[in-house]
Amino acid sequence: MSEPILQISNLSVDLPRNGDRSHAVEKVSFSVNAGEIVCVVGESGSGKSVTAHSVMGLLPKGQLTPTGGEILLEGENVLNASPGRLRALRGTRMSMIFQEPMTALNPVLTCGEQIDEVLQIHTDLALAVRKEKVLAIMEAVHLPDPARIYGAYPHQLSGGQRQRVMIAQALVLDPVLLIADEPTTALDVTTQAQILRLISEMQERRGTGVLFITHDFGVVADIADRVVVMEKGQVVEMGTTEAVLKRPQHSYTRMLIDAVPTLDPPSREENAAPIMLETAKLSKIYGTGGFFRKTGEVRAASEVDLKVRGGETLGIVGESGSGKSTVARCIARLVDPTSGSIRVGDLDVATMSERELRPHRRRCQIVFQDPYRSLNPRRSVGASIIEGPVNFGTPHKEAYAMARELMSLVGLSPDALDRYPHQFSGGQRQRICIARALAMRPEILIADEAVSALDVSVQTQVLELLEDVRRKFNLALLFITHDLRVAAQICDRIMVMKSGLVVEQGRTAELFAAPQHPYTKALFEAAPGRTFEFARTPSM
Amino acid sequence: MISYILRRLAATIPVMLIVAVLVFLMLRLTPSDPAAIIAGDNATSEQILAIRAKLGLDQPIVTQFFTWLGRVLSGDFGNSFFFKKTVWELVSNRIEPTLSLSALTMVFAIAIAVPLGAIAAYRQGTLIDRVVMGFSVLGFSVPVFVIGYVLVYVFAINLGWFPVQGYQRLASGIGPWLQSLILPAVTLSVIYIALIARMTRTSMLDVLSEDYIRTARAKGQTEAKVLFRHALKNAAVPIVTVVGIGIALLIGGVVVTESVYSIPGLGRLTVDAVLARDFPVIQAIILLFSLVYVLINLIVDLSYTIFDPRIRH
């Protein structure tokens, strides 16, 4: 075999002094060969992104500094390269694509300009030649109507198209190394499948070496040739995809693989409890305003009928824009439904005025996706938890005592109530959000992508917690997710939504065994790693 | 877009009408009497009455208002009570100095503040950043007249580079025109430099931590282009907003600066007209200023769409 295009040996990167450990990455060594996809897998804080950014020389200055080892790109140590040399290498020999294409593209420049910029920086080609090259690469990444997209701004494209623009920009000068940092994490499953296919296609055709960073073992199973598993800044295991996923050696790898929810739903008993929440023909239509003329209508949710019994979990599954969150927000009356009814117990809350609704607000609570943004950073978690009950007249002292109980219930120390959100990890924060919701003694709990932002191992724990509290408080749980694996594990019944419409609903086991609607089938097809047999530790 | 501009322009009409009513009422309801001032201290009450009748001030307020409004709508702002000229002659004569001073002030302010703010943000926490921010605090806190007199003392009196006072019309050549305006414009611009530099820095700091800045670096772009091509355009909207507010404040501010530097502009005319209770002149100037405010607002709103394609009207 020829020399690898990327050879990382003994790379160490220091963290600033006050960190919880001294190295962001420590003595990391691995290589990427031409025409090979190497996946670096790990949870947040494992150092996978730091490693990737070190290769590109994009570590934040003054905060993270490589202190040892070398990174050879085609034999040249990029750690010793001058800033000018590094700039010359970026875009020509090595390129990078990022997680969130919406924010990774400059919103005020057209897509064409941004791809063209790479050519402007690194070549002396004339404008006409450059434009031809840009249109050709757009064609190659299967962007529809390149001439139009050349002049379009990022916000005018879909998420998948934006990521294609990023890939076009990265590959326009045929680099030998492509670094992909969670490039599909922010995308819908069906789009993710397309982008993964595109990356393998480009890599095969051009012989590019790909360093692919991900936390998702499904993605690894689909595209990786070799896998590097990182934990706390160190490589704990590495090998071919087959070997690592089927015969994991290290306990951390085994834990990660076990934590990936399976697509086989466990059997769940029939629920005959009284119905707690029922909507009939619930619709939300946006954008009928316009002073002079009617502007376009968006039917965010259209005639949605659903029922949730006490102690039952209904999953709403769909991609972005499917209306799943709109339904949740209507039910919680965070947005006003355009028509239809929402029965909570024996009341119709759909048409209640804010004043009438107020006493019933506590009955329905939401846990949101991003625990970093859904807690007020300037208030102690205790203050956040007791705020609701106190608003509803619970004496301060009593509310605080209850908050202490809730903290132990969600698995945190009651003494941590005086701390602030930034002092907790993502999983802990989501536990706090659940405690905050439970403090209102709700009958209905809505979890809106509540585990999507969490690492797999933490995800499992939070899912278990949700199951626990559902059982304990006999909650009607409305679980909104884009992740079929998670839905399979936690939901009694599932409702699939697309473009505001419910396309299919049924008991989880039946739906997974025999999906009826073509869209549901497409979702299942797209689920990464669907066909791969992971080695799982037999469950207890 | 065109229909948006037309709608916005149409919306200025009620605004101007309200301004017209308010100005008119406020002037008539003040206890002072222009006729008495024109007639002088020794005038008899008959003389004053005669002057009042001549100026039309003996008519009911409503009649006076509609007579005035009718004339204004046909482009006639009437005659000055005090100077033996039409209001339009007076005002049009004074527009050039004021416009020159305001424009030059803003050009200085933007040309200095935006790069300073951008570099301060880029070098956040370093000496350069602290110097720029220190200057900005100074710019806010030192009164305009102090800066004005210090600059006059150093550059006009000691070094003799610029005239101490006065204004040279553009017609007399760009050199003398510029020379007569540099000191007042620099004086006036200090506070706007402080304001705009601060805003630029804050806005740039937000933008510099964005993902697309990292993308630009990942492409191999030079730091200067990352800063000025990628970051600045994204940071522009808040900057343009304060520039707009700055221009509006500036128009109010010229009243003082023109007095200090003896520049025969609208500011001076306003002061003279107010002291003489020269109602038609005051009304015309205030109408003109409010029209300028409205237009600046419109231009600022429109410029948003140039800097940020996501904003569409």
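Quick note on labels: first sequence line is chain A, next is B, and so on, each numbered from 1.
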task: Using non-hydrogen atoms and a 4.5 Å limit, figure out which bit of I121(A) sits close to chain B: side chain, backbone, both or neither.
output: side chain

- prompt: Where on Q156(A) is there a heavy atom nearer than 4.5 Å to chain B: the side chain, the backbone, both, or neither?
  reply: neither

- line: Comparing Q99(A), M166(A), H155(A) against chain B, the one with the most heavy-atom pairs below 4.5 Å turns out to be H155(A)

field: Max heavy-atom pair count under 4.5 Å with chain B, selected residue of A170(A), G91(A), A104(A)
entry: A104(A)

- prompt: CZ of F140(B): more than 12 outside heavy atoms within 6.0 angstrom?
  reply: yes

Partner of I8(A) by side-chain contact (heavy atoms from CB on, under 4.5 Å), out of L72(A), V32(A), I71(A), V78(A): I71(A)

- prompt: What part of A88(A) gets closer than 4.5 Å to chain B, counting heavy atoms only: side chain, backbone, both or neither?
  reply: neither

Electrostatic pair E117(A):R229(B) at N-O distance under 4.0 angstrom: yes

- request: Could you check which of E223(B), K233(B), H230(B) has the highest count of heavy-atom pairs closer than 4.5 Å to chain A?
  value: H230(B)

task: Kindly determine whether T65(A) and D14(A) satisfy side chain to side chain donor-acceptor pair (under 3.5 Å), including the steps that lead there.
output: CA-CA 6 Å; T65(A) 354; D14(A) 275 6; over 6 Å; no

- prompt: Top residue by heavy-atom pair count (under 4.5 Å) with chain A, among R217(B), Q221(B), E210(B)?
  reply: Q221(B)

- request: For residues P143(B) and I147(B), determine if any side-chain heavy atom of one lies less than 4.5 Å from a side-chain heavy atom of the other.
  value: no

- prompt: Would you call L177(A) and R93(A) a side-chain contact if the rule is heavy atoms closer than 4.5 Å?
  reply: no

